[in-house]
Amino acid sequence: MKVYLKKCVGYDNAEDVLMPVLKKYEDRFSEGDKVLVKPNLLSPKSVESGITTHPKIVEIVLKFLLDLGTKPYLGDSPATGTALEAVKANGIYDVCKRLDVPIVELDDPVEIDGENFKGIMISRKVLEADKIVNIAKLKTHVQMIMTLAVKNTFGCVVGKEKSAWHFRAKTNTNFANVIIDIHNIVKPTLNILDGILGMEGNGPANGIKKYFNVLGVSENAYALDHAIIKALNVKEKYVYIIKEAMRKGLIPRYELDSNWEGEQIKLPLTAPIFETVTNLVRVFERVPKINKNKCIECKICENRCPAEAINIDKDKFIDYSICIRCYVCHEVCPQDAIKLIRKLK
Ligand code: SF4
Ligand code: SF4
């Protein structure tokens, strides 16, 4: 089992860096395979935002798959908007049109039971693929602390079912196990991490853009994610998915092939590190608060809140007694109008 972390400064150099690594996996694909390419299309944002997978990485992967005679198609189920809106906003649409690759919405749910959680609604278009290539983005995440390759497969769950899982899971540890169940159902053949431009701070949508200048590849997403957080000097225990994957023995022994020195990364304010520094800090937690000057009353947060804790018409009220601190509202707000403030537990 190998994990590749390759230094890559800028997207203009990405093909020279990524293609030779992809070619090592040629034998995993057969002519005629229907291959779902699953980028991170969180929301309809420009390529400069650093929120979604870069079109250049998608283009390299599609060329690789087309040269092998496979039949790739590209799809996702974004947190806000549609896959089509997202690819039109970030330039992936033009790449797919040029290469004649279909774009699909990951809808049409099929109910599947995971190891821990039952009744997960996975898109039929995921289940019908012969192979899946997962192209994640290197970002921080206010709930899961980091969003990398394992978390990217959460987008195979259809529409609002994603928000519902936040509510059913209740705790971050449970939610990490939901994601692990989903990832183990989806089982990508190949995982790629676009970490040239990523995000730190309060990601995955409203953090700070950062050039990490790295591309990662592995057939095992747990190994890839583990390698990247080690290189970023982030402790395993702070990243819920990694911590749970380690507890379950899901991270295989891997051989690291890397020429990347790693980087410092600013974790979200919600990272458990800040809750364990002192006893004083431990009695506080972060809750969402709407900045009334920035809010445009689009109600996306209200509609996506799994606990129905937000009432925009009622003076942008958030009921903290039922809020489950999943921070979906922070993630989906297009105006960055939701701040995470300290509140006594
Ligand atoms: S998503 Fe943001 S802008 Fe829209 S209603 Fe909520 S806080 Fe306001
Ligand atoms: S208010 Fe925000 S953090 Fe609280 S449950 Fe709703 S979406 Fe999650």
Side-chain angles (χ1 to χ4, degrees), residues 41-46 49 51-52 77-82 85-86 89 117 121 139-147 151 154-155 157-179 182 199 201-208 238-241 267-272 274-275 283-345:
L41 298 178
L42 182 74
S43 54
K45 292 285 180 182
S46 72
S49 68
I51 292 173
T52 50
S77 170
T80 54
T82 63
E85 286 166 352
F117 295 90
M121 298 296 187
K139 294 187 292 180
T140 48
H141 192 279
V142 280
Q143 186 186 17
M144 290 288 97
I145 310 308
M146 296 292 301
T147 172
K151 171 75 171 57
F154 187 50
V157 173
V158 299
K160 287 192 174 177
E161 268 297 303
K162 288 192 289 300
S163 305
W165 275 110
H166 287 279
F167 189 68
R168 290 175 201 138
K170 296 272 193 296
T171 68
N172 291 339
T173 298
N174 283 349
F175 189 59
N177 279 295
V178 172
I179 291 166
I182 293 161
M199 188 170 280
N202 294 330
N206 291 310
I208 307 156
Y238 298 151
V239 182
Y240 296 101
I241 294 170
L267 292 180
L269 289 169
T270 46
F274 298 111
E275 292 181 15
V283 298
F284 290 99
E285 63 181 344
R286 297 275 170 178
V287 293
K289 187 172 193 310
I290 297 175
N291 179 333
K292 293 178 185 173
N293 295 324
K294 286 176 101 177
C295 174
I296 56 167
E297 303 190 356
C298 66
K299 295 193 180 178
I300 291 175
C301 58
E302 182 178 308
N303 291 332
R304 298 311 293 253
C305 172
E308 298 183 7
I310 303 176
N311 190 333
I312 293 297
D313 291 337
K314 198 175 154 192
D315 200 24
K316 304 176 180 63
F317 172 73
I318 298 180
D319 184 347
Y320 295 130
S321 69
I322 57 172
C323 164
I324 58 168
R325 282 55 162 165
C326 67
Y327 312 123
V328 166
C329 50
H330 179 274
E331 179 177 328
V332 299
C333 175
Q335 299 297 312
D336 194 12
I338 297 184
K339 295 293 159 214
L340 300 174
I341 60 160
R342 279 214 179 110
K343 183 179 174 300
L344 270 173
K345 273 187 178 172

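Read the numbers this way: they start at 1 and go in the same order the structure lists the ligands and their atoms.
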S.K.: Strictly under 2.8 Å of atom 2 (Fe) of ligand 2: which protein N/O/S atoms qualify?
M.R.: Cys329 SG

S.K.: Using a strict 4.0 Å threshold on nitrogen-to-oxygen distance, state whether Lys316 and Asp313 make a salt bridge.
M.R.: no

S.K.: Give me the nearest non-hydrogen protein atom to atom 2 (Fe) of ligand 1 as residue plus atom name, then the distance to 0.1 Å.
M.R.: Cys333 SG, 2.4 Å

S.K.: At less than 4.0 angstrom from any non-hydrogen atom of Pro334, what atoms of ligand 1 do you find?
M.R.: 1 (S)

S.K.: Taking side chain to side chain contact (heavy atoms under 4.5 Å, CB included) as the criterion, tell me which of Ile312, Ile310, Asn311 meets it with Ile318.
M.R.: Ile310

S.K.: Check Lys294 against ligand 1 and report side chain, backbone, both or neither, counting heavy atoms closer than 4.0 Å.
M.R.: neither

S.K.: Going by distance alone, is a donor N or O of one side chain under 3.5 Å from an acceptor N or O of the other, for Gln143 and His330?
M.R.: no

S.K.: If the cut-off is 4.0 Å to any non-hydrogen atom of Gln335, which atoms of ligand 1 fall inside it?
M.R.: 3 (S)

S.K.: Check each heavy atom of Ile296 against ligand 1 and say whether those closer than 4.0 Å belong to the side chain, the backbone, both or neither.
M.R.: both

S.K.: So if I count the atoms of ligand 1 from 1 in the order they appear, which ones are less than 4.0 Å from some heavy atom of Cys295?
M.R.: 3 (S), 5 (S), 7 (S), 8 (Fe)

S.K.: Considering all heavy atoms of both residues, which atom of Asn206 and which atom of Cys333 are nearest to each other, and what is their separation?
M.R.: ND2-O, 3.4 Å

S.K.: Under the criterion ring-ring contact (aromatic ring centres under 6.0 Å, His included), which of Phe117, Phe154, Phe175 is the partner of Trp165?
M.R.: Phe117

S.K.: Assess Cys298: does it contribute an N, O or S atom lying under 2.8 Å from atom 4 (Fe) of ligand 1?
M.R.: yes

S.K.: Return yes if some donor-acceptor pair links the side-chain N/O of Thr140 with the main-chain N/O of Gly201 below 3.5 Å, else return no.
M.R.: yes

S.K.: Using 4.0 Å as the upper bound for N to carboxylate O, is an ion pair formed by Glu302 and Lys314?
M.R.: no

S.K.: For Ile312, counting its heavy atoms only, list the atoms of ligand 1 lying under 4.0 Å from any of them.
M.R.: 5 (S)

S.K.: Given Ile208 and Met199, is the side-chain contact (heavy atoms from CB on, under 4.5 Å) satisfied, shown in steps?
M.R.: CA-CA 5 Å; Ile208 307 156; Met199 188 170 280; 5.7 Å; no

S.K.: Any salt bridge between Lys343 and Glu285, counting N to O under 4.0 Å?
M.R.: no

S.K.: Residue-level breakdown please: for Lys316 versus ligand 1, do any non-hydrogen atoms fall below 4.0 Å on the side chain, on the backbone, on both, or on neither?
M.R.: neither

S.K.: For ligand 1, which atoms have a heavy atom of Lys299 less than 4.0 angstrom away?
M.R.: 4 (Fe), 5 (S)

S.K.: Verify, without hydrogens or angle tests, whether Arg304 (side chain) and Ser163 (backbone) share a donor-acceptor contact under 3.5 angstrom.
M.R.: no

S.K.: Under the side-chain contact (heavy atoms from CB on, under 4.5 Å) criterion, do Thr270 and His141 qualify, and how do the steps go?
M.R.: CA-CA 9 Å; Thr270 46; His141 192 279; over 6 Å; no

